[in-house]
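Okay, so here's the structure we're looking at.
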Amino acid sequence: MKVSCVILPIHPWRQSADIWRRAEELGFHAAYSYDHIAFEGFENRPWYGAIPSLTAAATNTGTIRLGTMITSPNFRHPVTLAKELMTLDEISDGRVTAGIGAGSPGLDATVLGGEPWSPRERADRFAEFVSLLDRLLTQSVTTYRGTYYAADEARMIPGCVQRPRLPFVIAAGGRRGMRLAAAYGEGWVTCPFGNDAAAVAPLIDGQLDALTEACDAIDRDLDTIERVYVSGFTPENPLASVDAFADIAGRYEELGITELVVHWPEPGTVFDNDPAVFERIATEVIPKLA
């Protein structure tokens, strides 16, 4: 099992640079940044942009994968996002993964002054967003007219370092989203929320069944898709102790998860875990899983 981390974009770069470099030194597979204008619980705290943060991280690391977790149509357009991702892929020498999701209602959904989308419109926009982003990153020039998005001779030259494009990890919980993950994703991501720790594994098990069905429908091997679990939003805490991490990682690997994502400890936040335990997990348990 691969183990990755989310580094919140809440610190000035002089402080953040040390965190990104330490994540690489500890051997994490990837380090991700949340792509939001504002994040629930952090609305009145410093919060920096994901793409500039990842660009700075790319110039301060050399091996760890980097990515958004997740970016969404809430305030992104496929053409400008494609250009930024292509550029980031070049700066990082092909170490970028684009975590993409439909987004959710909230500050990000209304920050540009538009009306909130219905669940159906959000799903429709997401499907078109992913399809167009795929075309933009695999073609030198793209012209497109859709229901929600358009591109007029959008140029992506020279294209991504990773071919035919950088990988997509698509967040999905329902069957329609699973079909998108099966069709376009090099990976699929789940991020359960709730107060019932016992419900997490059955939920993910059901989601994996739906993903398997979506893959079977297009004759795709499930093993060609990374299955990513972002932890930290339920009472189940893999960073509570070394033993807790080993137990949780083992159970979800057996279930079919191939990448477990944890949050870098941040004192005074919902991600406040013991840094000493975090370091022990990284140095004692993660190498065994790899």
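Throughout, residue positions are numbered sequentially from 1 according to the sequence presented.
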Can you confirm whether or not the ring centre of Phe39 sits under 6.0 Å from the ring centre of Tyr34? yes
Mind checking whether Phe42 and Thr269 have side chains closer than 4.5 Å, heavy atoms only? yes
Quick check: do Leu107 and Phe75 have side-chain heavy atoms less than 4.5 Å from each other? no
What side-chain donor-acceptor pairs closer than 3.5 Å can you find for residues 189-204, not counting sequence neighbours?
unit_1: Thr190; atom_1: OG1; unit_2: Gln207; atom_2: OE1; d: 2.7
unit_1: Asp196; atom_1: OD1; unit_2: Ala198; atom_2: N; d: 3.1

Is the shortest distance from a Lys or Arg side-chain nitrogen in [X] or [Y] to a carboxylate oxygen in the other one below 4.0 Å?
X      : Y      : value
Glu25  : Arg22  : yes
Arg176 : Asp124 : yes
Arg65  : Glu259 : no

Should the heavy atoms of other residues, nucleotides or ligands under 6.0 Å from [atom1] of [X] be counted, would the total exceed 12?
X      : atom1 : answer
Arg145 : CZ    : yes
Arg120 : CZ    : no
Asp205 : CG    : yes
Arg175 : CZ    : no

Closest non-hydrogen atom pair between Leu136 and Ala82, with its separation: CB-CB, 3.8 Å
How far apart are the closest heavy atoms of Pro78 and Phe129, and which atoms are they? CG-CD1, 3.6 Å
Rounded at 0.5 Å granularity, tell me how far CD in Glu24 sits from OG1 in Thr63. 3.5 Å
Does Val261 share a hydrophobic cluster with Tyr252, counting links as ILVMFWY side-chain heavy atoms below 4.5 Å and allowing steps through other members? no
Residue pairs, two or more places apart or on separate chains, that pass side chain to side chain donor-acceptor pair (under 3.5 Å) and touch residues 40-57: none
Candidate list Phe278, Tyr32, Trp20, test ring-ring contact (aromatic ring centres under 6.0 Å, His included), partner Trp264, passing option: Phe278
With sequence neighbours left out, what residues match Tyr144 under ring-ring contact (aromatic ring centres under 6.0 Å, His included)? none
Passes side-chain contact (heavy atoms from CB on, under 4.5 Å), Thr71 versus Ile100? Steps please. CA-CA 5 Å; Thr71 191; Ile100 314 168; 4.2 Å; yes
Short side-chain to backbone donor-acceptor contact, Asn60 and Ala56, under 3.5 Å: yes
